[in-house]
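Presented below is the structure to which this report refers.
Order of the sequence lines sets the chain letters (A, B, ...), proteins ahead of strands, with each chain counted from 1. Quick caveat, the model's predicted, so the values are computed rather than measured.
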Amino acid sequence: MTLEKVYEPQRFEPRWAEAWIAGGYFTPPEKKQDGREVFSLVIPPPNVTGSLHIGHMLEHTEIDATIRWRRMRGDQTLWLPGQDHAGIATQMVVERALREKEGLSRHDLGREEFVRRVWQWKEQYGGAIIHQMKRTGASCDWTRNRFTLDPGLSRAVRETFVRLYEKGLIYRGEYMVNWCPRCHTALSDLEVVHEEAPGNLWHIRYPVKDMPGRFVTVATTRPETMLGDTAVCVNPGDERYRDLHGRTVVLPLVNREIPVITDPLADPKFGTGVVKVTPAHDPNDFEAGRRHNLPHVAVIGLDARMTAAAGAYAGLDRFEARTRVLADLEAQGLLEKTEAYALSAGRCQRCKTIVEPLVSTQWFCRMKPLAEPAIRAVEDGRIRIVPESYAKTYFEWMHNIRDWCVSRQLWWGHRIPAWHCAGCGQVTVSREDPAACAHCGSPRIEQDPDVLDTWFSSGLWPFSTLGWPDRTADLETYYPTTLLITGFDILFFWVARMIMLGIECTGDVPFRTVYIHGLVRDAHRQKMSKTRGNTIDPLEVIEQYGTDAVRFALLRGAAPGMDIALSEERMASSRAFANKIWNAARFLFLQMEKVGLGQLPLGEPPREVAKPCAIAGAVPLEDRWIRHKLNEAAARMEQAQLSYRYHEAADIVWTFLWDDFCDWYVEIKKLRVQQGVEPRAHVETMAETFELALRLLHPLMPFITEELWQRLAAKDARRPESICIAPCPQPGGAADEEAARRFGLLQSMVTAARALRADNRVDPGARVDGWIESMSTDVQSVAASEAAVIDALAGGAFELNPAARPAGVRRAAADFAVGLKLSGAQIDSIRQRVQKRLAELEKVIASSRRQLSSGSFIAKAPAHVVEGIREKLAAYEKELAEQQAVLAELGL
RNA sequence: GGGCGGUUAGCUCAGUUGGUCAGAGCGCGUGCCUUACAAGCACGAGGCCGCAGGUUCGAGCCCUGCACCGCCCACCA
């Protein structure tokens with residue numbers, strides 16, 4: 001069972017990824033099993049537009065770390081994977097590919113053929129995503145993989161749409177929507193991103209009818225829309241314009257007479273206090289237009305070109321039209337002034353084209369009635385959002401929610417289940433494709449050409465994937481899901497809608513907890529972006545550092561809402577950690593061979609966190625200590641996992657394995673083996689401890705732990721086939737504070753001794769005889785003499801004598817002074833250390849005493865706090881006495 | 001305009017109910033190729049914990065204000 005000298009993760013990682021899936025460890029049963037907690041989570045389905053980026057890997061690693069830990073904890077665990085058809089995004093990339101490769105537009109192919117092409121794309125890239133996820137060790141149940149356009153999920157979409165329609169929550173109507181002239185579709189408010197950009201505020205004079213020489217000056221950022229003005233508006237309370245009430249103005253360039261209206265729309269403090277009203281091209285004006293029954297004059301069309309209604313400007317692009325309108329106004333002396341003005345332009349989230357507010361007929365979902373129960377669910381804690389600060393963002397948005405435009409003029413997506421009748425003109429909305437109009441019976445019906453917003457189907461994801469609307473066993477068992485891990489960027493797009501639709505459709509919340517992760521940034525905290533060129537390709541770094549190292553590097557920075565700075569250094573040091581573990585195992589295996597120990601017979605996993613070394617009648621201090629440390633690590637791991645502090649989980653295993661296990665425990669065991677007293681027993685305890693440490697680490701670094709565990713543990717009928725399903729170390733083992741304290745003392749003595757040795761080098765005048773060259777020999781030398789530190793502290797060969805402790809400490813100090821022939825300078829050095837500590841102790845003791853004597857504190861502080869301070873004070877005083885004793889010995 | 005987060009060692013970050021919390025990784029300095037690991041080992045240097053007040057016996061930690069940095073939301077023409 002020798003181990004290759006070099007740690008080469010690429011040699012075993014892909015193999016285990018396949019073996020795990022083949023073993024079926026990630027596929028839980030449909031029915032709930034007695035005595036097991038259910039832990040379920042649905043993946044935020046990646047878009048099928050391309051391959052996964054490092055942000056996905058962070059998300060999947062966080063999910064996987066939790067899922068694997070839950071599985072090892074014994075929970076009935078489901079991680080359901082899948083992909084999203086991502087309507088507009090996917091249609092866009094396929095159209096682009098089509099244009100670039102074949103020079104065709106989707107219209108050249110026709111709807112049916114185009115959709116077929118997108119499916120082809122999906123097969124190719126969806127597969128790539130799955131492959132990538134498997135390679136990162138994601139422990140998904142691939143037998144339950146879902147796609148938002150699967151027949152089952154499509155049925156859920158229809159069911160939901162029809163239900164909402166029947167409840168009057170979905171309606172069709174002519175309203176102002178955000179229109180992307182490039183994508184040629186309506187967009188929801190969320191799909192429009194606002195960017196501030198420099199612009200101008202133009203002041204334009206409109207002549208007032210029947211008042212020669214009287215003009216009213218409006219201020220606008222979009223002069224081209226004036227062609228569609230159907231009123232000008234002043235604030236009713238604005239005295240400056242009282243004479244205009246009831247008047248009519250003549251719209252320049254088109255010479256249309258339009259009324260002056262009074263409406264709060266006009267803010268007297270802004271611009272000139274007069275606003276032009278274009279109901280067809282501005283959301284505010286649209287509303288004002290309804291209030292005042294103004295006609296609509298649409299001068300900009302779906303292609304962002306001026307319509308026939310724009311008269312002389314017809315056919316011009318909207319921005320060309322702006323230039324021309326301004327020039328013409330200027331020529332007529334109607335352009336009063338041009339003022340620089342920063343304005344925020346709404347752009348299409350996908351293609352960055354400036355969206356055009358246009359009036360068109362679309363399908364909408366009424367949100368207020370859906371939002372109310374969703375708000376309550378978070379308020380009353382049925383859903384917990386982590387970090388909590390995002391709950392506030394959630395409430396803010398939900399309280400101001402507006403109706404959702406759900407129809408898209410795309411071809412790729414869920415076709416809206418509505419049929420228009422050529423006979424009576426009415427709409428039939430139906431779960432099944434109808435043969436005839438439900439109102440007049442005419443067979444001349446045609447399905448609505450639009451598809452649904454892609455987020456509509458995503459909003460059903462937690463239950464549509466489990467079989468809803470059928471009452472499947474999966475749904476019964478795994479819904480509501482336990483946890484959702486996702487990014488803040490889709491809190492409104494997705495999370496909020498899942499909560500609303502989940503409650504509406506199933507009557508229950510879709511998940512209990514929402515964990516929001518941060519962004520992966522580069523080494524300098526810059527956002528990653530293709531244009532910056534600082535992106536990290538997961539597969540590339542996996543190839544370079546190994547999956548475990550990349551996962552670990554990500555987790556080392558992961559906590560709720562925290563952005564993560566991922567650098568080459570961090571991945572390199574994580575790989576160093578993996579390498580360290582690899583080599584620890586290598587050493588262990590060599591030792592096991594040497595003492596004639598084969599693989600560890602595991603059998604039933606130990607309930608106790610680690611067994612002590614079976615040496616006749618005595619438990620070596622280091623065994624008591626390492627068990628204590630492992631117990632502590634297991635307990636802290638549970639806390640870290642429960643609060644999603646992955647960075648802490650990573651820190652716990654790092655410190656335990658590297659600092660405690662490798663640097664101290666193994667080094668001391670080397671000595672024990674050299675001492676020759678029952679070496680086999682020592683090696684065996686060491687191996688058992690390591691085995692448990694591997695389990696503790698497995699959720700974070702699944703591959704290396706599996707590889708080593710398989711080699712370490714003998715096949716046995718009772719042994720789990722994979723570490724994936726081996727029980728993890730559970731907290732609750734006996735804490736051994738005494739061993740921890742004594743070992744801590746040993747550590748500080750050894751460290752002090754080493755420092756002295758280093759100092760000694762600098763000062764050639766004072767040589768220390770028999771000093772060791774390195775850590776291992778350090779301990780060896782110390783342990784070699786009967787009076788040396790370990791044994792001194794142990795107060796015997798192996799076991800500590802509690803009563804002998806203070807004396808033991810003094811003895812150790814004396815041994816250092818006498819046995820090691822310390823120079824005066826060196827003794828001074830130790831004295832300084834001790835004195836520094838004494839000063840600290842005195843300070844904290846004085847402070848504690850003062851606190852305890854403070855009447856106001858005693859009165860105000862809770863009893864347990866006071867008690868805690870008393871206990872600490874006692875401990876400080878005890879340590880003070882001990883340190884003083886050390887000082888006295890040194891003073892010899 | 002509203003809201004949220006950040007500011008701790010040269011760099012990237014921990015620090016969970018205020019009291020052994022001044023820490024980690026990388027980097028840096030010194031000494032070690034020691035038969036698990038040089039992707040390593042040992043030791044060390046380095047920080048008015050953004051600034052100014054306040055609460056407290058005691059403040060990276062709580063309160064107030066300020067200064068930068070970042071993010072989200074918003075229909076002010």
Original post:
If you check every side-chain atom of A/Ser573, which of B/rA74, B/rG25, B/rU16 has the closest atom?
Top reply: B/rG25

**OP:** For B/rG23 and B/rG47, measure between their C1' atoms and round to the nearest Å.
**Re:** 11 Å

**OP:** Kindly label the base of B/rG54 as syn or anti, based on whether its glycosidic torsion lies within 90° of 0.
**Re:** anti

Original post:
Between atom CH2 in A/Trp397 and atom C1' in B/rC4, what is the gap in whole Å?
Top reply: 18 Å

Subject >> Axial cation check for A/Phe587 ring with A/Lys670, 6.0 Å and 45° limits >> reply: yes

**OP:** Would you state whether a donor and an acceptor, one from the side chain of A/Lys580 and one from the base of B/rC37, lie under 3.5 Å apart?
**Re:** yes

**OP:** Select from A/Asn583 and A/Asp522 the residue whose nearest nucleotide in RNA chain B is closer to the 5' end of that strand.
**Re:** A/Asp522

**OP:** Can you tell me the pairing partner of B/rC11 across any strand shown, Watson-Crick or G-U wobble, with both distances under 3.5 angstrom?
**Re:** B/rG25

Subject >> OP1 or OP2 of B/rC4 under 4.0 Å from side-chain N/O of A/Lys392 >> reply: yes

Original post:
In whole angstrom, what separates A/Met562's CE from B/rG15's P?
Top reply: 6 Å

**OP:** Among B/rA36, B/rC72, B/rC76, find the nucleotide with the atom closest to the side chain of A/Glu667.
**Re:** B/rA36

Original post:
Partner of B/rG18 by Watson-Crick or G-U wobble geometry, both contacts under 3.5 Å, or none?
Top reply: none

**OP:** Measure the distance from CD1 on A/Ile261 to C1' on B/rA77 and round it to the nearest whole Å.
**Re:** 13 Å

Original post:
Of the nucleotides B/rC72, B/rG25, B/rA39, which has the atom closest to the A/Phe488 side chain?
Top reply: B/rC72

Subject >> Nucleotide paired to B/rG40 in any strand shown, Watson-Crick or G-U, under 3.5 Å >> reply: B/rC32

Original post:
With a 4.0 Å cut-off on heavy atoms, is A/Gly518 in touch with a base, just the backbone sugar-phosphate, or nothing at all?
Top reply: nothing

Original post:
Taking only N and O in the side chain of A/Lys5, is any of them less than 4.0 Å away from OP1 or OP2 of B/rC37?
Top reply: yes

Subject >> Under 3.5 Å: donor-acceptor pair, side chain of A/Arg205, backbone of A/Leu329 >> reply: no

Original post:
Honestly, is A/Arg322 close enough over A/Trp202, meaning NZ or CZ under 6.0 Å from the six-membered ring centre and within 45° of the axis?
Top reply: no

Original post:
Contact class for A/Gln591 (heavy atom, under 4.0 Å): base, sugar-phosphate, or nothing?
Top reply: nothing

Subject >> Opposite nucleotide pairing with B/rA45, Watson-Crick or G-U, both atom distances under 3.5 Å >> reply: none

**OP:** Evaluate the ring planes of A/Trp582 and A/Tyr7, with Trp represented by its six-membered ring, and classify them as parallel (under 30°), tilted (30 to 60°) or perpendicular (over 60°).
**Re:** tilted

**OP:** Please tell me which of the listed nucleotides, B/rC37, B/rA77, B/rU12, lies nearest to the side chain of A/Arg570?
**Re:** B/rU12

**OP:** For A/Glu396 and A/Thr393, test the side chains for any donor-to-acceptor distance below 3.5 angstrom and give the result as yes or no.
**Re:** no

Original post:
Counting only Watson-Crick or G-U wobble pairs whose two distances fall under 3.5 Å, which nucleotide matches B/rC75?
Top reply: none

**OP:** Please work out if A/Glu396 contacts a base, only the sugar-phosphate, or nothing of the nucleic acid, heavy-atom cut-off 4.0 Å.
**Re:** nothing

Original post:
Looking only at atom P, what distance separates B/rG46 and B/rU30, rounded to whole Å?
Top reply: 16 Å

Original post:
With respect to the side chain of A/Lys670, which nucleotide from B/rA36, B/rG40, B/rC75 is positioned closest?
Top reply: B/rA36

**OP:** Could you let me know what B/rC68 is paired to, Watson-Crick or G-U wobble, both distances under 3.5 Å, or none if it's on its own?
**Re:** B/rG6

**OP:** Indicate yes or no: at least one non-hydrogen side-chain atom of A/Arg11 is less than 4.5 angstrom from one of A/Glu4.
**Re:** yes

Subject >> G-U wobble or Watson-Crick pairing nucleotide for B/rC62 (cut-off 3.5 Å, both distances) >> reply: B/rG54

Original post:
What's the CE-C1' distance between A/Met686 and B/rA36, to the nearest Å?
Top reply: 10 Å

Original post:
Yes or no on side chain to side chain donor-acceptor pair (under 3.5 Å) for A/Tyr175 and A/Asp403, after CA distance, side-chain angles and deciding distance?
Top reply: CA-CA 11 Å; A/Tyr175 296 94; A/Asp403 285 0; over 6 Å; no

**OP:** Please state the C1' separation for the pair B/rC28 and B/rA9 - nearest whole angstrom.
**Re:** 11 Å

Original post:
How is A/Cys233 classified with respect to the nucleic acid when contacts are heavy atoms under 4.0 Å: base, sugar-phosphate, or nothing?
Top reply: nothing

Subject >> Spacing of the C1' atoms in B/rG18 and B/rC61 (rounded, Å) >> reply: 6 Å

Subject >> Minimum-distance nucleotide to A/Arg575 side chain [options: B/rA74, B/rA39, B/rU12] >> reply: B/rA39

Subject >> Residue met sooner reading RNA chain B from 5', once A/Lys276 and A/Arg645 are mapped to nucleotides >> reply: A/Arg645

Original post:
What integer distance in Å separates A/Asp489:CG from B/rC4:P?
Top reply: 20 Å

Original post:
Expressed in angstrom and rounded to an integer, what is the separation of A/Leu358 atom CG from B/rC75 atom P?
Top reply: 17 Å

**OP:** Would you indicate what A/Phe492 reaches in the nucleic acid, counting non-hydrogen atoms under 4.0 angstrom: base, sugar-phosphate, or nothing?
**Re:** sugar-phosphate

Original post:
Think A/Trp658 has a side-chain N or O under 4.0 angstrom from the OP1 or OP2 of B/rC41?
Top reply: yes

Original post:
Which part of the nucleic acid, if any, lies within reach of A/Ala266 when heavy atoms closer than 4.0 Å are counted: base, sugar-phosphate only, or nothing?
Top reply: base

Original post:
When rounded to the nearest Å, what value does the distance between C1' atoms of B/rC49 and B/rA24 take?
Top reply: 15 Å

Subject >> Euclidean distance, atom CZ of residue A/Arg636 to atom P of B/rA24 [Å, nearest integer] >> reply: 14 Å

Original post:
Looking at B/rA77, B/rA36, B/rG25, which one has an atom nearest to any side-chain atom of A/Arg556?
Top reply: B/rG25

Original post:
Between B/rC72, B/rC75, B/rC37, which nucleotide gets closest to the side-chain atoms of A/Arg586?
Top reply: B/rC37

Original post:
So does A/His647 get a side-chain nitrogen or oxygen closer than 4.0 Å to the phosphate oxygens (OP1/OP2) of B/rG15?
Top reply: yes

Original post:
What does A/Leu265 touch in the nucleic acid at a heavy-atom separation under 4.0 angstrom: a base, only the sugar-phosphate, or nothing?
Top reply: base

Original post:
Which listed nucleotide (B/rC76, B/rA36, B/rU16) is nearest to the side chain of A/Asp267?
Top reply: B/rC76

Subject >> Selection from B/rC76, B/rA36, B/rC72 that lies nearest to any side-chain heavy atom of A/Phe270 >> reply: B/rC76

**OP:** Decide yes or no for A/Thr272 and A/Tyr241: does some side-chain heavy atom of the first lie under 4.5 Å from some side-chain heavy atom of the second?
**Re:** yes

Original post:
Quantified in whole Å, what is the C1' atom distance between nucleotide B/rG25 and nucleotide B/rU34?
Top reply: 25 Å

Subject >> Nearest-Å distance once atom P is located in both B/rA77 and B/rU56 >> reply: 49 Å

**OP:** Measure from CG on A/Asn284 to C1' on B/rC76 and round the result to the nearest Å.
**Re:** 7 Å

**OP:** Would you indicate whether the side-chain heavy atoms of A/Asn200 and A/Glu339 approach each other to under 4.5 Å?
**Re:** no

**OP:** Indicate, with a heavy-atom threshold strictly under 4.0 Å, whether A/Thr221 touches base, sugar-phosphate, or nothing.
**Re:** sugar-phosphate

Original post:
On a whole-Å scale, what distance lies between the C1' atoms belonging to B/rG50 and B/rU17?
Top reply: 25 Å

**OP:** Mind checking A/Ala565 for me? I need base, sugar-phosphate or nothing, with any heavy atom below 4.0 Å counting as a touch.
**Re:** sugar-phosphate

Subject >> Aromatic ring proximity, centroids under 6.0 angstrom, A/Tyr646 and A/Tyr515 >> reply: yes

